[in-house]
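Structure record follows, encoded as C-alpha cells.
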Amino acid sequence: MEIKFTTGPSPLGSVLVAATAKGVCAVSLRESDEGTEEYLRARFPKAELARDDVALKRALDTVRERIAGRKLDSALELDLQGTDFQREVWNQLLAIPAGSTRSYLDVAQAINRPKATRAVAQACGANPVAVVVPCHRVVMSDGSIGGYSGLPGVKKALLVVEGGWVPDRS
DNA sequence: CCGGACAACATAG
DNA sequence: CTATGTTGTCCGG
C-alpha cells in the first residue's frame, strides 16, 4: 500500500494530510512539518511514503478551510481503518453539527452504549483524521475541554473558531 | 498459534 | 474513589 502525503501551513500550525488510493487516511496538526515522515512511518509501518502535493491539494485546502472555521460540505474521501466500534463512534462524530459540542456520554448514548463513555474517549483518541472527524467537538459532561492528543490549545482554538465556544471557568 | 489476563484511556457519577 | 467498554500488549499452554 502506498501512501501519498503533503503538508502545509495553517493558523494553528503545520497540517499533514496523508491518503491512500481510497482516500484520506490521516490528518494531523503539527508544530512544524518536520518529522512528518517519521510520524507516518510510525503509523503505517508497512506503507511506502511518497510526497505528492498536487494530488492532495484539494484535501489539504478542505482541511484548512475547516480550521479557518468555514463550514463546508467537505465530502472528503476517507479511508479509515479501525474496529467496528471505532467507526461507529467516528460516524457519530461526523453527525455533530459544526459549532456545537457533545459530551462523551452523549456520544456513548448515541451509539447505543450508554456506559461506554470511556471507550468513546479511546475511539476519539484513536481517530487518525483530526479536524475532519470532529473529535474536538467532544467535551466532558461538565463542559470543560478535557484532554486532546496533539498540541495543547488546539482543541480549544478549533472550538472557538468554528463555534464561538467560550471557556467556562466555574 | 490461540486464548485469557491485565493495564491504560481525551470519562461519569 | 469506583465502575464502565474497548484495545493493545504480554504470557502460558
Side-chain angles (χ1 to χ4, degrees), chain A residues 1 3 7 10-18 20 22-32 35-47 49 63-64 66-69 71 74 76 78-170:
Chain A
M1 178 70 87
I3 291 181
T7 62
S10 85
L12 296 182
S14 179
V15 192
L16 155 65
V17 176
T20 63
K22 293 179 188 169
V24 177
C25 60
V27 174
S28 172
L29 291 172
R30 315 174 56 66
E31 297 185 349
S32 78
T36 295
E37 290 197 43
E38 180 182 83
Y39 170 86
L40 288 174
R41 255 196 294 270
R43 202 178 198 72
F44 311 99
K46 311 185 69 172
L49 307 178
V63 173
R64 284 198 287 201
R66 292 185 70 119
I67 292 176
K71 15 189 168 177
S74 73
L76 275 182
L78 295 182
D79 180 20
L80 299 182
Q81 34 185 306
T83 64
D84 294 320
F85 178 80
Q86 292 174 325
R87 282 195 299 265
E88 233 178 321
V89 173
W90 297 336
N91 193 53
Q92 196 52 228
L93 295 185
L94 289 172
I96 301 176
S100 59
T101 60
R102 292 284 193 72
S103 68
Y104 288 91
L105 178 59
D106 287 332
V107 178
Q109 294 176 326
I111 62 177
N112 229 305
R113 287 177 183 65
K115 283 173 267 180
T117 55
R118 199 98 179 269
V120 169
Q122 275 290 24
C124 290
N127 163 35
V129 283
V131 188
V132 179
V133 171
C135 46
H136 55 275
R137 295 193 194 130
V138 184
V139 299
M140 295 211 261
S141 60
D142 71 347
S144 48
I145 273 297
Y148 191 74
S149 14
L151 308 318
V154 171
K155 180 174 185 177
K156 178 180 167 185
L158 285 171
L159 288 172
V160 173
V161 174
E162 72 174 28
W165 183 81
V166 268
D168 176 37
R169 52 174 81 278
S170 53

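Lettering of chains follows the sequences in order, A, B, ..., and the numbering in each one begins at 1. What you are looking at is a predicted structure, and each value in this text was computed from that prediction instead of being measured.
Separating the CZ atom in A:Arg87 from the CD atom in A:Gln81 is a distance of 10.0 Å, to the nearest 0.5 Å. A:Leu16 CG to A:Tyr39 OH: the interatomic distance, rounded to the nearest 0.5 Å, is 6.5 Å. A distance of 9.5 Å separates SG of A:Cys135 from CD1 of A:Ile96, quoted to the nearest 0.5 Å. Separation of atoms CG (A:Leu93) and CD (A:Gln86) is listed at 11.5 Å; rounding is to 0.5 Å.
Taking A:Arg137 as the reference, A:Glu162 meet the salt bridge (Lys or Arg N to Asp or Glu O under 4.0 Å) condition, with sequence neighbours excluded. Taking the salt bridge (Lys or Arg N to Asp or Glu O under 4.0 Å) definition, one finds that A:Glu37 meets it with A:Arg41, sequence neighbours left out. Taking A:Leu94 as the reference, A:Val133, A:Pro134 meet the side-chain contact (heavy atoms from CB on, under 4.5 Å) condition, with sequence neighbours excluded. Remark: A:Arg64 engages A:Asp61 in a salt bridge (Lys or Arg N to Asp or Glu O under 4.0 Å) (not counting sequence neighbours).
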message: Could you spell out the base pairing of DNA chain B as a dot-bracket line? Use Watson-Crick and G-U wobble contacts where both distances are under 3.5 Å, [ ] for crossing pairs, | for partners on a different strand.
response: |||||||||.|||

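Straight-line distance from the CZ atom of A:Phe85 to the P atom of C:dT6: 6 Å, rounded to whole Å. We find that CD of A:Gln109 is positioned 16 Å from P of C:dT4, with the value rounded to whole Å.
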- line: Whether each nucleotide of nucleotides 8-13 of chain B has a protein heavy atom under 4.0 Å at its base (B), only at its sugar-phosphate (S) or at neither (-) is summarised, 5' to 3', as BBBBSS

